[in-house]
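No hydrogens, no waters, no symmetry mates; every other heavy atom, side chains included, goes into these values. All ligand and atom numbering here is 1-based and tracks the order in the structure.
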Amino acid sequence: MKDLSFAIIGAGPSGMYAADALLKNNPDASVFIFDSLYAPYGLVRSGVAPDHNKIKEVTKLFDKTFAKEQVSFLGNVHIGKDISVEELRSFFHAIIFCTGAHKDRSLGIEGEHLTHVCNATSFVGWYNVHPWFQDFRIPFNKKKVHIIGQGNVAVDVARVLLKNPKELESTDINPDVLEKLKSSEIRDVHMVGRRGPLQAAFTDKELKELGELEDVYVSVKKEDLILSEEERAYLENAPKTLKANYEILKNLSEKPFAGQSKTLSIRFFLSPVRFDSVDGETVSSVTFCVNLLSGDVANRKAVPTDKQIEEHTDIILKSIGYRGEQIDSLPWDDRKGTFSHEHGLISDGTYQLYTSGWIKRGPSGVIGTNKADSVETVQTVISHIEKLPPITKSIKELYELLSQRGVRVIHFNDWVTLNKAEMDRGEGIKPRVKFNSNAEALSYLEK
Ligand code: NAP
């Protein structure tokens, strides 16, 4: 089969790696990469923390993929809203969904609806200028924040809240958030895990950075780090990151308070069971139950005890992982929050719909993890080449359909213009100042 035409839905890392893998296998294929936003690169722009700019250099590789004449960008096109999956099928031999996992998970406890019980994702989206989260607010005139969860997102959020805002001035953080951080009265941040130090999901490099924050005392209780003989033996042969995490936590627990004005408490063995409110509207306290751990040392589970602790709080940021969002009625695994698939083939009984990245495997791993994931999916596509359905409509017809529906497609040359404009707005001080909506980007293009 010649002149293969593929659609990739989502221009984040898994989509870009999938495009690359498709072209390596089929240099003559055409690849059309869709995104609902005006800009490509997904989580690299809207997930990676502003002070981790180096990680964003991976976009230079992705730019090279877009520079190939076989590759097109269709930004500002929302699949499932502007055009259905069923309609899209006519234009492509295969469609690979790489739409990530942006929906929050719920704790399912009382008081989760209260004002200032928020999702860390929304805060991340706000400070990274993701168009969907620009109405998010937290009260910076309050003191105490509890972050629920101990993954790297929790670490990012804690760092951004506590870092000297001057150090964020030369980043691409949302300028409004930066102004708020400059007058922030948040002083007391708690990052709370339901299990122990050997089960925390953060990685050592990220944890170490927390210990280096200016004017921040990092509090770790020595008693939380006591290990049983079995745990000590496990740690001895554990992966490097886990050993390093434990060492860093131990060092932090031994550092005395030195008059810092802000505190970050890293706490273990606590699960929130309830949020309460004095005025019936805004969260004012959180109740935790104290957990014990049980089960195999490599896979300990948190088991609640009868002991509970209630403490005052001003803001709750839930950072307990993400879920994907089902598109149209494609086969869905509701437990995992991913498409139902086999090695990337979405299980709808046809050989046309595929998936990669967080919407395929769940929200885990770093940007590079998506490369192997997308290679696996593309191998599956290639193994089905003879079974892929024929195309019945041309790309010209697709552009006409979108135009009839009032969709202004943002092409890659538009993005080049917008990218330059964002960088110019940084005035040589910041890497860029992002547009805060598709509408703002479009009105810049129309000028
Ligand atoms: P994550 O690493 O899966 O961490 C989720 C955290 O939430 C865990 O501590 C988990 O505890 C906790 N949790 C889940 N359900 C809970 C519940 N019901 N009650 C209390 N706690 C609960 O997720 P993430 O932080 O969102 O990160 C997603 C992925 O992006 C990860 O692979 C992460 O490494 C990556 N990332 C990397 C960077 C970086 O490299 N700098 C930055 C950001 C994100 P349990 O372990 O007990 O389930």
Stepwise salt bridge (Lys or Arg N to Asp or Glu O under 4.0 Å) check, E167 with K182: CA-CA 11 Å; E167 292 180 49; K182 282 181 181 168; over 6 Å; no
Non-neighbouring partners of Y354 that pass ring pair (Phe, Tyr, Trp, His ring centres under 6.0 Å), sequence neighbours left out: H384
Neighbouring residues of ligand 1, heavy-atom cut-off under 4.0 Å: R105, L107, G149, Q150, G151, N152, V153, D156, R194, R195, A201, E206, S319, I320, G321, Y322, W358, P363, S364, G365, V366
Between S271 and N291: side-chain donor-acceptor atoms closer than 3.5 Å: yes
Test side chain to side chain donor-acceptor pair (under 3.5 Å) applied to T115 and T282, step by step: CA-CA 5 Å; T115 305; T282 310; 4.7 Å; no
Counterpart residues, ring pair (Phe, Tyr, Trp, His ring centres under 6.0 Å), relative to H116 (two or more places apart): none
All pairs passing salt bridge (charged side-chain N to carboxylate O under 4.0 Å, His left out) where residues 258-282 contributes a residue, at least two apart: R267-E311, R274-D276
